[in-house]
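To find a chain, count down the sequence lines: A is the first, B the second, and so on, and within it residues start at 1.
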Protein chains: 2
Amino acid sequence: MFSKATEYALRATIYIAQKSSVDNKLSIHEIAKAIDSPVSFTAKILQLLTPGNKVISAVRGPKGGFYITEQSKKLPVRAILIAMGESKILDKCVLGLNKCSEAKPCPMHSQYKNIKQQLISLFETKTIQQLAEDIDGGIAFLNSKKG
Amino acid sequence: MFSKATEYALRATIYIAQKSSVDNKLSIHEIAKAIDSPVSFTAKILQLLTPGNKVISAVRGPKGGFYITEQSKKLPVRAILIAMGESKILDKCVLGLNKCSEAKPCPMHSQYKNIKQQLISLFETKTIQQLAEDIDGGIAFLNSKKG
DNA sequence: ATAATTAAAGACAAAGTTATCTTTAATTAT
DNA sequence: ATAATTAAAGATAACTTTGTCTTTAATTAT
Ligand code: FES
Ligand code: FES
């Protein structure tokens, strides 16, 4: 569904939301280890989420690292997708027509659009915080390898 | 959702189902033009669907080309996905965990699985023939550019 | 038989994605 | 000030996907 980059962005953001605070920033090494992702690549990806503290915040230097504001925790998952430039996939035609439209629909459109709408709703209503709470509560995981 | 290759495979197969018969085979040029895809790349892709006449049939030489049997028209869309090696995407975790499972679910799993199940059902129940009929009836299209 | 036509097969090229490594800049602690 | 620490920035490499082009094989028509 999503690129590796977006998968890492989602997992990293959820992990940061679960573990960090302004007084307890997380290093890229800790994050990458926790979500089982390549360190340098994850660092690159997080750079897409930090400008203007749009999704997550970063500070350099000792005691620096990544954290997320209470405000940003309330953002929907869709905010991450937008920052990653992947929100277009929810507009795309499942058969690859240039435009997904009612005017010139592909033969899967009439049934696919309902499913797509559910995906959009899910990404628009679920917040980063809600996902982090599931990790915190031990009912969900960000890493297949360890608990 | 799918790779370009799979999108072309789906559109090409539906077009062949709509237009061809054993007595009226279609050239790769006609197919690629009709579905607005690169000719040579589409030829390569169709080679994945022909072995054993699994999905479509091809014959070389004059009056040769591609066609599809009545039997194959009744195949579900999923048959094309399997031939293209894309059926795994319906098993994948939306956050990229190694396994999508109830035992160790990601925090999107509980809601995403329902949507995923609808997608699987759609691809398992919709047949190539049904999609071709929508093109034939003029209520759906395989090409954004022309009618 | 020969020539013409068509898909199959294979080599190759271009572009995009994923990943690593090195250097730079910002911040903190001494 | 200096050194240590951390993310940012940039260069580059490996791999995958997408796409093109040429040669080969099969089939038909003459
Ligand atoms: S036109 Fe294909 S999904 Fe809407
Ligand atoms: S575990 Fe993530 S979708 Fe099932």
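- Heavy atoms of A:Ser40 sit under 4.0 angstrom from at least one base atom.
- Distances shown here put a side-chain N or O of A:Thr50 below 4.0 Å from the OP1 or OP2 atom of D:dA8.
- Pairing for D:dC15 is with C:dG16, a Watson-Crick or G-U wobble pair whose two hydrogen-bonding atom distances lie under 3.5 Å.
- Residues A:Leu26 and A:Tyr67 have side chains not in contact (no heavy-atom distance under 4.5 Å, counting atoms from C-beta outward).
- D:dT17 atom P lies 9 Å from atom CD of B:Glu86, rounded to whole Å.
- Within 4.0 Å of A:Lys44, counting heavy atoms only, lies at least one base atom of the nucleic acid.
- Of the two residues contacting DNA chain C, namely A:Val59 and A:Ser3, the nearest-nucleotide position lying further toward the 5' end is that of A:Ser3.
- Not one side-chain nitrogen or oxygen of A:Ser27 sits closer than 4.0 Å to the OP1 or OP2 atom of D:dT5.
- Legend: residues meeting side chain to side chain contact (heavy atoms under 4.5 Å, CB included) with A:Ile82, ordered by chain and number and at least two apart, are A:Arg78, A:Ser87.
- Side-chain contact check for A:Gln129 and A:Lys74: no donor-acceptor pair (N or O, by modelled atom type) lies under 3.5 Å.
- In this structure C:dA26 sits in a base pair with D:dT5, meeting the Watson-Crick or G-U test at under 3.5 Å.
- The CD1 atom of A:Ile31 sits 12 Å away from the P atom of D:dT6 (whole-angstrom rounding).
- Taking a pair to require two hydrogen-bonding distances under 3.5 Å in either a Watson-Crick or a G-U wobble arrangement, C:dC21 pairs with D:dG10.
- Both distances falling under 3.5 Å, in either a Watson-Crick or a G-U wobble arrangement, place D:dT20 opposite C:dA11.
- Within the structure, a side-chain polar atom (N or O) of B:Tyr8 is placed less than 4.0 Å from OP1 or OP2 of D:dG19.
- Remark: P of D:dA9 and CG of A:Leu46 are 13 Å apart, rounded to the nearest angstrom.
- The side chain of A:Gln47 contributes no N or O atom lying less than 4.0 Å from OP1 or OP2 of D:dA7.
- With rounding to whole Å, A:Arg60 atom CZ is found 13 Å from C:dT24 atom P.
- Nearest heavy-atom pair across A:Lys92 and A:Lys116 is O-NZ, 3.2 Å.
- Counting only heavy atoms from C-beta on, A:Phe66 has its side chain closest to D:dA8 among D:dA8, D:dG19, C:dT28.
- Using a 4.0 Å heavy-atom distance criterion, A:Ile56 is classed as making no nucleic acid contact.
- For the pair B:Leu49 CG and C:dA8 C1', the computed distance is 14 Å after rounding to whole Å.
- Checking D:dT20, C:dA29, C:dA8 against the side-chain heavy atoms of B:Pro38 singles out D:dT20 as nearest.
- In this structure, B:Lys63 atom NZ and D:dT30 atom C1' are separated by 14 Å, rounded to whole Å.
- Salt bridge annotation for B:Lys19-B:Glu30: absent, with no cationic side-chain nitrogen under 4.0 angstrom from a carboxylate oxygen.
- B:Ile45 has its CD1 atom 11 Å from the P atom of D:dT20, to the nearest Å.
- Under the 3.5 Å distance criterion, the side-chain polar atoms of B:Lys104 are left unmatched by any main-chain donor or acceptor of B:Ser101.
- Taking only side-chain atoms of A:Pro62, from C-beta outward, the nucleotide of C:dT18, C:dT28, C:dT20 with the closest atom is C:dT28.
- In this entry the distance linking CZ of A:Phe41 with C1' of D:dC15 reads 12 Å, nearest Å.
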